[in-house]
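To find a chain, count down the sequence lines: A is the first, B the second, and so on, and within it residues start at 1.
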Amino acid sequence: MEVQRLRILQLHSNFIEYQPIKKEIATAEKCEKKKQQLEELVVLFTCVEKGDDEAVARKAVEEVKSSLQQLKVNKVLIYPYAHLSSNLAKPVAALKVLKAMEKHAKEAGIETYRTPFGWCKQFSISIKGHPLAEQSKVVLPTEGEEKEVVSKALKAEEKLKPSWFILQPDGKMVPVESFNFSGHENLEKFARNEIKKVRAVQQVPPHVKLMRRLEIADYEPGSDPGNFRWYPKGSLIKSLLEQFVTQKVAEYGAMEVETPIMYDFQHPSLAKYLDRFPARQYVLESGEKELFLRFSACFGQFLMAHDAQFSYRQLPLRIYELTKYSFRREKSGELVGLRRLRAFTMPDCHALCADLDQAKKEFLVRSELCREVLKNGLEFGKDDYEVAIRFTNDFFEENKDFIVSLVQQMDKPVLVEMWEERFFYFILKWEFNFLDNLNKASALSTDQIDIENAERYDITYVDEKGERRHPLILHCSPSGAIERCVYAMLEKAYREQQKENVPILPLWLSPVQVRVIPVSDKFIEDAEKIANEIERHRIRTDLDDRPLMIRKKIREAETEWINYMLVIGQKEIESGILSVRDRKAREIKEMQLQEFIGEVKKKVEGMPFKLLTLPRRLSARPRFFG
RNA sequence: GCCCCGAUAGCUCAGUGGCCAGAGCAACGGCUUUGUAAGCCGUAGGUCGCGGGUUCAAAUCCCGCCCGGGGCUCCA
């Protein structure tokens with residue numbers, strides 16, 4: 001990484017006279033094109049380089065201040081001057097630093113002026129002739145200091161001191177320390193994890209091996225960390241999950257939309273929102289514009305809602321997008337396999353509600369939706385996740401019954417995080433958290449009640465009296481990130497394997513549901529006919545036509561987690577009765593073809609279907625891993 | 001991002017200063033025509049992550065970077 005430094009040319013002057021002539025960049029500050037004159041001052045020609053931040057600005061002011069004391073002057077002009085460097089910061093960042101310098105200087109009691117940023121200016125300067133009159137300063141960032149721009153929300157979160165409780169479905173709320181966790185071991189692990197007392201063992205989470213061995217997904221060294229490649233099988237699984245969640249959300253009544261993945265930093269609503277969201281962004285430069293990649297669908301949907309017109313009669317208004325992708329520039333040390341990515345697919349569903357009453361009702365409908373998505377999609381029941389509910393003190397006092405009814409819906413004790421003060425844009429939030437084999441918790445489904453953004457984005461509806469009002473906004477991801485769902489299923493499968501159960505994916509998600517295995521190449525054609533018939537019923541079927549021994553083919557099908565294996569030989573062809581190896585049930589059953597097809601179809605009824613795009617014959621398939 | 005650890009054939013790994021760097025699996029070729037978790041023989045495959053340095057000599061020691069992992073921290 002290049003070393004960044006703030007460069008200042010410091011000139012002790014008799015006077016300076018300057019006049020803005022012409023804007024140099026689109027993002028120039030507003031100002032009058034009037035001639036200005038200042039006398040007996042120190043002029044700071046300042047150049048902000050890439051990576052400079054407010055800490056550097058503060059340090060620069062400190063250094064300038066000590067010079068001022070020497071020179072016995074207390075007046076400065078901060079003059080943006082790009083020509084001192086070839087490694088300039090972007091305009092937005094530079095202006096931030098200059099403003100920070102101005103602020104710190106004023107706070108330090110210095111009479112401070114600043115010329116407008118982004119203008120081509122004419123100036124005349126008279127410099128004093130003493131040895132200290134002309135100095136140049138290079139301010140380096142302090143070692144170890146936070147160099148990146150961090151949102152206020154992220155900083156605020158660091159200072160949060162919440163209290164922790166366990167809330168039971170019967171409405172009893174007890175402090176975490178005095179809760180009896182017996183029978184709720186996962187909740188205990190989760191609570192400790194959240195309150196941060198655990199030390200995890202040094203280990204790679206097991207899903208990483210699985211995601212590669214099963215040819216689902218893999219790291220892509222050619223990209224940025226946390227941006228994955230998806231092999232055909234993984235792409236199928238991911239796509240099916242996406243289809244399923246989208247279908248459930250449509251049934252719930254949301255309108256599906258699509259919005260851009262990148263946004264203008266300069267947009268006023270967005271700038272304010274960025275500061276309230278605890279996440280880091282990817283930024284990219286395009287021409288003179290500075291853009292950031294979305295980290296959720298909020299921007300696009302809110303801007304859309306801002307331009308839409310609707311009244312209380314249309315509320316709650318539900319808007320949905322499957323973001324492919326959302327981007328968060330997570331710190332590199334936080335990225336692990338599919339648990340946490342920098343580019344991820346997130347179903348994001350907002351509901352605009354007239355008032356808190358409506359929001360609360362809607363909230364319960366949506367939590368039911370989330371539970372269903374996990375239950376039917378991932379086959380995750382309430383034992384597979386722990387619930388956290390987070391809210392402010394005030395909200396709890398005023399909405400106790402509602403929160404208890406939410407917990408009753410969850411049907412198990414939940415972890416409560418309660419804040420004295422509201423730091424975020426929401427007043428209430430819950431998530432379902434999955435605990436992996438290293439006892440790390442990751443949120444899947446989540447929902448929140450947002451009371452700030454309707455105003456920030458100026459989203460309004462017309463109420464009964466014809467007046468414009470800001471709705472409340474619910475933010476929900478019914479499944480959480482799709483990649484994270486895959487992670488959770490793999491981790492769960494591994495856990496089952498440790499318990500000597502069969503590791504397996506839900507049948508509807510298995511890339512290969514049925515594998516037909518001819519005993520020798522004499523039976524390949526017969527096997528093909530059977531495979532055709534099964535696939536005609538929308539069951540993913542392939543054919544192991546390789547010249548290998550049966551037991552080897554069976555072994556490979558087992559390690560690929562294929563649900564059913566049909567061995568085809570003389571016996572089957574003559575009798576018409578199939579030998580079906582049911583992997584999950586760990587048994588070999590004899591049955592008619594149509595009977596078998598019926599059994600499989602029944603198990604995947606109502607779930608989305610897609611064909612696997614790998615060649616049916618294994619001999620024609622590439623190997624992506626191993 | 002910081003601290004610590006790692007990287008050798010497509011995969012899993014052996015090799016810690018000294019001849020042309022090894023094994024198993026996979027791939028490819030041949031034999032075998034196979035009945036429910038690994039048949040036999042052979043062939044090919046390596047810029048030892050990348051770049052620099054130390055040395056008569058570097059996969060091996062040193063520095064920087066990339067990628068991965070763990071921790072701190074944080075989230076969907």
Side-chain angles (χ1 to χ4, degrees), chain A residues 1 143-148 150 153-154 157-158 160 194 196 198-205 208-209 212-213 215 218-226 277-280 295-296 323 326 328-342 344-348 388 429 431-434 438 440-448 475-485 487-488 515 517-524 544 546-560 565-572 579-583 586-588 622-626:
Chain A
M1 195 176 139
E143 208 77 42
E145 249 181 77
E146 188 67 288
K147 285 178 203 159
E148 59 194 319
V150 173
L154 210 57
E157 205 169 19
E158 284 167 12
L160 277 180
E194 284 293 299
K196 297 183 182 72
V198 269
R199 289 276 173 283
V201 283
Q202 277 213 356
Q203 209 185 319
V204 183
V208 173
K209 252 186 189 167
R212 306 173 85 189
R213 189 176 66 67
E215 297 188 307
D218 209 340
Y219 297 106
E220 177 49 76
S223 180
D224 198 43
F277 199 91
R280 294 169 168 82
F295 43 82
S296 70
T323 65
S326 282
R328 293 187 192 175
R329 231 185 136 274
E330 302 293 2
K331 293 185 271 182
S332 58
E334 297 163 357
L335 305 167
V336 195
L338 290 170
R339 183 198 289 150
R340 159 108 33 114
L341 299 171
R342 280 186 172 173
F344 54 98
T345 307
M346 196 170 56
D348 201 355
K429 174 189 183 186
E431 329 98 34
F432 291 150
N433 293 277
F434 174 76
L438 308 179
K440 278 270 187 181
S442 304
L444 294 172
S445 322
T446 178
D447 203 0
Q448 333 170 333
H475 299 238
C476 167
S477 185
S479 61
I482 301 295
E483 293 83 354
R484 189 171 275 185
C485 292
Y487 141 82
R515 173 160 294 168
I517 302 174
V519 291
S520 77
D521 54 13
K522 288 191 214 103
F523 300 99
I524 290 179
D544 193 344
R546 298 170 303 169
L548 301 170
M549 306 193 75
I550 305 301
R551 50 179 201 272
K552 172 118 181 185
K553 294 187 192 179
I554 295 288
R555 180 186 154 84
E556 287 198 16
E558 284 282 342
T559 56
E560 277 181 60
M565 292 155 240
L566 309 186
V567 174
I568 305 297
Q570 195 67 42
K571 209 166 71 192
E572 287 72 21
S579 160
V580 177
R581 184 177 169 116
D582 181 334
R583 185 165 167 271
R586 292 204 241 219
E587 59 181 12
I588 295 171
R623 224 170 228 274
F624 290 99
F625 184 84

Check: Counting only distance, no hydrogens or angles, is the base of B/rG35 paired donor-acceptor with the side chain of A/E572 under 3.5 Å?
Finding: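 Under the 3.5 Å cut-off, the side chain and the base do form a donor-acceptor pair.
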Check: Taking the same atom, P, in B/rA44 and in B/rG30, what whole-Å distance lies between them?
Finding: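 One P to the other, the span is 16 Å.
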Margin query: Under the criterion salt bridge (charged side-chain N to carboxylate O under 4.0 Å, His left out), I'd like the reasoning laid out for A/R581 against A/E587: C-alpha separation, chi angles, the key distance, then a yes or no.
Written below: CA-CA 6 Å; A/R581 184 177 169 116; A/E587 59 181 12; over 6 Å; no
Notebook entry, point to check: With rounding to whole Å, what would you report as the distance between B/rG49 and B/rU60 at their C1' atoms?
Noted result: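 It works out to 15 Å between them.
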Checklist line | Whole-Å gap separating P (B/rG10) and CG (A/D218) | finding: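 Answer to the nearest Å: 14 Å.
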Check: Which nucleotide in the set B/rG70, B/rG68, B/rG1 lies at the smallest distance from any side-chain heavy atom of A/K331?
Finding: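 Within the option list, the nearest is B/rG1.
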Item checked: Pairwise P distance, B/rA21 and B/rU47 [rounded to whole Å] ->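 One P to the other, the span is 12 Å.
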Check: At under 4.0 Å, does any side-chain N or O of A/R551 touch on OP1 or OP2 of B/rA37?
Finding: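 Looking at the OP1 and OP2 atoms of B/rA37, neither is under 4.0 Å from any side-chain N or O of A/R551.
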Notebook entry, point to check: Looking only at atom C1', what distance separates B/rC65 and B/rG46, rounded to whole Å?
Noted result: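 Here B/rC65 and B/rG46 have their C1' atoms 23 Å from each other.
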Note to self: With a 3.5 Å limit on both atom pairs, tell me what B/rG64 is paired to, counting Watson-Crick and G-U wobble, or say none.
What the structure shows: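 Its partner is B/rC50 (Watson-Crick or G-U wobble, both distances under 3.5 Å).
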Note to self: With salt bridge (charged side-chain N to carboxylate O under 4.0 Å, His left out) as the criterion, how do A/R213 and A/E560 come out once you've worked through the C-alpha distance, each side chain's angles and the decisive distance to 0.1 Å?
What the structure shows: CA-CA 8 Å; A/R213 189 176 66 67; A/E560 277 181 60; over 6 Å; no
Next item on the list: Taking atom C1' in both B/rG15 and B/rA23, compute the distance separating them and give it to the nearest angstrom.
Entry: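 11 Å, rounded to whole Å.
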Next item on the list: Provide, to the nearest angstrom, the distance between the CD1 atom belonging to A/I568 and the C1' atom belonging to B/rU33.
Entry: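 Spelled out: CD1 on A/I568 to C1' on B/rU33 is 17 Å.
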Check: Of A/E558 and A/F625, whose closest RNA chain B nucleotide lies nearer the 5' terminus?
Finding: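 Counting from the 5' end, the first nearest nucleotide belongs to A/F625.
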Note to self: Rounded to whole Å, how long is the line connecting atom CE of A/M549 with atom C1' of B/rC31?
What the structure shows: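 Taking CE of A/M549 and C1' of B/rC31, I get 13 Å after rounding.
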Next item on the list: In whole angstrom, give the distance that lies between atom CZ of A/F344 and atom P of B/rC74.
Entry: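 Distance, rounded to whole Å: 18 Å.
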Next item on the list: Pick the P atom in B/rG68 and in B/rU8, then give their distance to the nearest Å.
Entry: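 Result for the P pair: 14 Å, nearest Å.
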Notebook entry, point to check: How close do A/F434 and A/A488 get, heavy atom to heavy atom, and via which atoms?
Noted result: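 What the structure gives for the nearest pair is CZ-O, 3.4 Å.
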Check: Whole Å only: how far is the CZ atom of A/R213 from the P atom of B/rC25?
Finding: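 Roughly 18 Å, once rounded to whole Å.
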Next item on the list: Quote, to the nearest angstrom, the P distance that separates B/rU12 from B/rC56.
Entry: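 Going atom to atom, P in each nucleotide, I get 38 Å.
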Check: Between the base of B/rC74 and the side chain of A/R340, is there any donor-acceptor pair under 3.5 Å?
Finding: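 Donor-acceptor pair under 3.5 Å: yes.
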Check: Could you give the CG-to-C1' distance, from A/L341 to B/rC74, as a whole number of Å?
Finding: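 Answer to the nearest Å: 15 Å.
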Notebook entry, point to check: Checking side-chain hydrogen bond (donor to acceptor under 3.5 Å, both in side chains) for the pair A/T345/A/E483: CA distance, chi angles, key distance, verdict?
Noted result: CA-CA 7 Å; A/T345 307; A/E483 293 83 354; 2.8 Å; yes
Note to self: Please find the pair of heavy atoms, one from A/P205 and one from A/V336, that lie closest to each other, and give the distance.
What the structure shows: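 Closest approach of A/P205 to A/V336, heavy atoms only: CG-CG1, 3.3 Å.
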Check: For B/rA37, does OP1 or OP2 lie under 4.0 Å from any side-chain N or O of A/R581?
Finding: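 A/R581 to B/rA37 OP1/OP2: side-chain N or O found under 4.0 Å.
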Checklist line | Nucleotide nearest A/K571 (side chain, heavy atoms from C-beta), chosen from B/rG35, B/rU34, B/rC74 | finding: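 Per side-chain heavy atoms of A/K571, the pick is B/rG35.
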Check: Between A/D521 and A/R546, which has a closest nucleotide on RNA chain B that is more 5'?
Finding: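 Result: A/R546.
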Note to self: At less than 4.0 Å, is any side-chain N or O atom of A/K552 found next to OP1 or OP2 of B/rG35? Yes or no.
What the structure shows: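 No, outside the criterion.
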Check: Quantified in whole Å, what is the C1' atom distance between nucleotide B/rC67 and nucleotide B/rC20?
Finding: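 Taking atom C1' in both B/rC67 and B/rC20, they lie 31 Å apart.
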Note to self: Between A/E330 and A/R340, is the salt bridge (charged side-chain N to carboxylate O under 4.0 Å, His left out) condition met? List the steps.
What the structure shows: CA-CA 8 Å; A/E330 302 293 2; A/R340 159 108 33 114; 3.5 Å; yes
